[in-house]
Amino acid sequence: MTEILLVSTLIIAIGMIFLLVKVLFRPNGTFSSQHIHDSQAMKERGIHCVMDQDRELRRKSRLAVEERKK
């Protein structure tokens, strides 16, 4: 039981050290954004995040309903 706890703690500690090294050696000590809407490659492919797609579909459906009412 203590071996498992020791190995788990060691793995977590190594991961934290890697994160610390990454923060220390990056400009401004920050990580790049992991959101889809911030990725230039995704923008070039026309891929959007789910929230953006949902917002766009709601806007289109609202316009379609308004057109039908006329």
* To do: Give the minimum heavy-atom separation between H48 and Q53, together with the two atoms involved.
  =>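 Taking every non-hydrogen atom into account, O-NE2, 3.5 Å.
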
* Indicate the atoms forming the closest heavy-atom contact of I36 with I47, along with that distance. =>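 Heavy-atom minimum between the residues: CG2-O, 3.9 Å.
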
Identify all side-chain donor-acceptor contacts of residues 5-17 below 3.5 Å with residues at least two apart in sequence or on another chain.
from, atom 1, to, atom 2, distance (Å)
S8, OG, I4, O, 2.8
T9, OG1, L5, O, 2.8

* For S61 and R58, indicate whether the former's side chain and the latter's backbone hold a donor-acceptor pair under 3.5 Å. =>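 Yes.
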
* To do: Enter the distance from M51:CE to R55:CZ here, rounded to the nearest 0.5 Å.
  =>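 Answer for the CE-CZ pair, M51 versus R55, is 6.5 Å.
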
* Kindly compute the distance separating NZ (K43) from CG (D38), expressed to the nearest 0.5 Å. =>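 The NZ atom of K43 sits 6.5 Å away from the CG atom of D38.
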
* **Within 6.0 Å of CD in E3, more than 12 heavy atoms from elsewhere** =>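 No, the 6.0 Å shell around CD holds no more than 12 heavy atoms from other groups.
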
